[in-house]
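Nothing fancy with the numbering, it's 1 onward along the sequence.
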Amino acid sequence: MTRTIITGPLFEDVWPLAADHLQELWAERGPVELRCLDETPSRLVDVLDEPGEVTELAALGVPVTEVDAERLSALESAIVMTDSMYAVDADAHERLAERGVAVHDHTDEGFWAQSVAEFGLGLTIDALRQIPQKHARMIDSHDPWDLEQLDNEVPGANGHQFADDPTFTNGTVAGTRVRVAGVGNIGSTYAEAVASLGADVAAYDPYADEPCFYRSGADRVRSLDDLVADAEVFAPTVPLTDATEGLITAEHVRALPEGCVVVLITRAGVVDMDAIRERVLADEIALAADVWDEEPLPLDDPLLDRHNVVHTPHIAGRTRDANESWAERLDAHFRAADSARSTPRTDEADNR
């Protein structure tokens, strides 16, 4: 009996460190084989030495066909990801479940919550202080420096100037009104981070219970209209689903106070990006974004290289921590199934 992890090239591109960490975790419970393929096979069993001996399987970027399911005769527990490296193969899972195999979903996205939330905090600070813009300008010009030195003999007495842009929310996170839409894995972590620095945090989430708001340090707001009304920093952190697409409407965007910084770190599709673009280009609000309505952004996109835009290329969740957390959360599913199988069942008659 063996535990087998097999990865295709697409999975390795998306999660390059996850399979190795999963192998380490599985090795704690016994022998495990990791096989990383350069090409995706048409059938899984063609690349396995003893398919009938596999008891636990993580097929990551590799399909499991009907023939595979039949020949994996000892299989007890599995996850199959074929075309999407963020979602399981529903057809393969149904096929395996019909044979009594425990199949595991892995789509809560909590694995990159810390990475994305911390990145969001970084974008927020960058936008408040316009750090990336100053960094870029220093390479080509002395303009960011205060060349009107004070009248003293202190060497290098530059840098005494007020350097933030009062047109937009600026300065410290502390004391800033940060408004967060969604207190799930990412939103609650982001809210907690800015609250710990002294921000005035409020959040809206009709699906969250009171402890979610308490843990995040955010006051609960009952409507999006109220949430955006006084926002100095506005962060919609909900995942993109059918229910959340366009959740932040053009009316909500137009209601944001002038100077507000909008932080986008989940998916651009949750907001009306046309309205965001209109207000950013009119210098009414600032934008700090890792996600976009078109990716990659065209090099002539007017949002690029603006004084009121901080931009990154959709990388907030791409860390070693997120890879390892991905593997750890998947491992927890398999451990739970393994524990359930190894726990003896007690008949009701024995409990009398």
CD of E251: more than 12 outside heavy atoms within 6.0 angstrom?
yes
With rounding to the nearest 0.5 Å, note down the distance linking CE in M81 to CD1 in I79.
5.5 Å
Please confirm whether the backbone N or O of G120 pairs with a side-chain atom of T124, one donor and one acceptor, at under 3.5 Å?
yes
Does A231 offer a backbone N or O that forms a donor-acceptor pair with the side chain of R177 under 3.5 Å?
no
Of all heavy-atom pairs between F334 and L57, which one has the smallest distance, and what is that distance?
CZ-O, 3.6 Å
Could you check whether any side-chain N or O of N308 sits under 3.5 Å from a backbone N or O of V280, counting only pairs where one atom can act as donor and the other as acceptor?
yes
Does D274 pair with R277 as a salt bridge, N-O distance under 4.0 Å?
no
Before accepting this row, confirm whether a basic side-chain N of the pair R29/E56 lies closer than 4.0 Å to the acidic partner's carboxylate O.
yes
Spell out, as yes or no, whether a donor-acceptor pair under 3.5 Å connects the side chain of H311 to the backbone of D305.
yes
On a heavy-atom basis, which atom in Y190 and which in A117 lie closest, and how many Å separate them?
N-CB, 3.5 Å
Is the closest basic N to carboxylate O distance between R3 and E33 below 4.0 Å?
no
T40 side, atom OG1; I6 side, atom CD1 - distance, nearest 0.5 Å:
9.5 Å
Ion pair check, R341 and E76, cut-off under 4.0 Å
yes
Main-chain N/O of A337 paired to S77 side chain as donor or acceptor, under 3.5 Å
no
Can you tell whether the side chains of R179 and D200 come within less than 4.0 Å, N to carboxylate O?
yes
Decide ring-ring contact (aromatic ring centres under 6.0 Å, His included) for W112 and F119; before the verdict, give the C-alpha distance in whole Å, the side-chain angles of both, and the deciding distance to 0.1 Å.
CA-CA 11 Å; W112 54 23; F119 200 95; over 10 Å; no
Can any side-chain N or O of E94 pair as donor or acceptor with the backbone N or O of D89 at less than 3.5 Å?
no
Within the distance-only criterion (no hydrogens, no angle test), does the side chain of T241 pair as donor or acceptor with the backbone N or O of T244 below 3.5 angstrom?
yes
What pair of heavy atoms forms the shortest contact from G182 to V238, and how long is it?
CA-CG1, 3.7 Å
Steps toward side-chain contact (heavy atoms from CB on, under 4.5 Å) verdict (L303, L281):
CA-CA 7 Å; L303 289 180; L281 295 176; 4.1 Å; yes
Give the ring-plane orientation class for W326 versus H106, where under 30° counts as parallel, over 60° as perpendicular and anything between as tilted.
perpendicular
Would you say the side-chain atoms of T7 pair up with the backbone N or O of E12, donor to acceptor, closer than 3.5 Å?
no
Between H307 and Q133, does the side chain to side chain donor-acceptor pair (under 3.5 Å) criterion hold? Intermediate values first, please.
CA-CA 7 Å; H307 65 285; Q133 293 93 327; over 6 Å; no
Stepwise side chain to side chain donor-acceptor pair (under 3.5 Å) test for S216 and S188
CA-CA 5 Å; S216 67; S188 61; over 6 Å; no
Rounded to the nearest 0.5 Å, how far apart are CG of D272 and CD of E245?
11.0 Å
Under a 4.0 Å threshold between the charged nitrogen and the carboxylate oxygen, would R95 count as salt-bridged to D68?
no
Side-chain ion pair, R267 and D290, N-O less than 4.0 Å:
no
Do I276 and L304 sit in one hydrophobic cluster, given that two such residues count as connected whenever their side-chain heavy atoms are within less than 4.5 Å of each other, even indirectly?
yes
Under a 3.5 Å threshold, yes or no: a donor from one side chain and an acceptor from the other, between H314 and E295?
yes
Is it the case that more than 12 heavy atoms not belonging to D38 sit under 6.0 Å from its CG atom?
no
Strictly by modelled atom types, are D225 and S223 linked by a side-chain donor-acceptor pair under 3.5 Å?
no
Give a yes/no verdict on a cation-pi contact between R335 and W26, requiring under 6.0 Å between NZ or CZ and the six-membered ring centre and an angle within 45° of the axis.
no
Between Y86 and W15, how do the two ring planes meet: parallel, tilted or perpendicular, split at 30° and 60°?
perpendicular
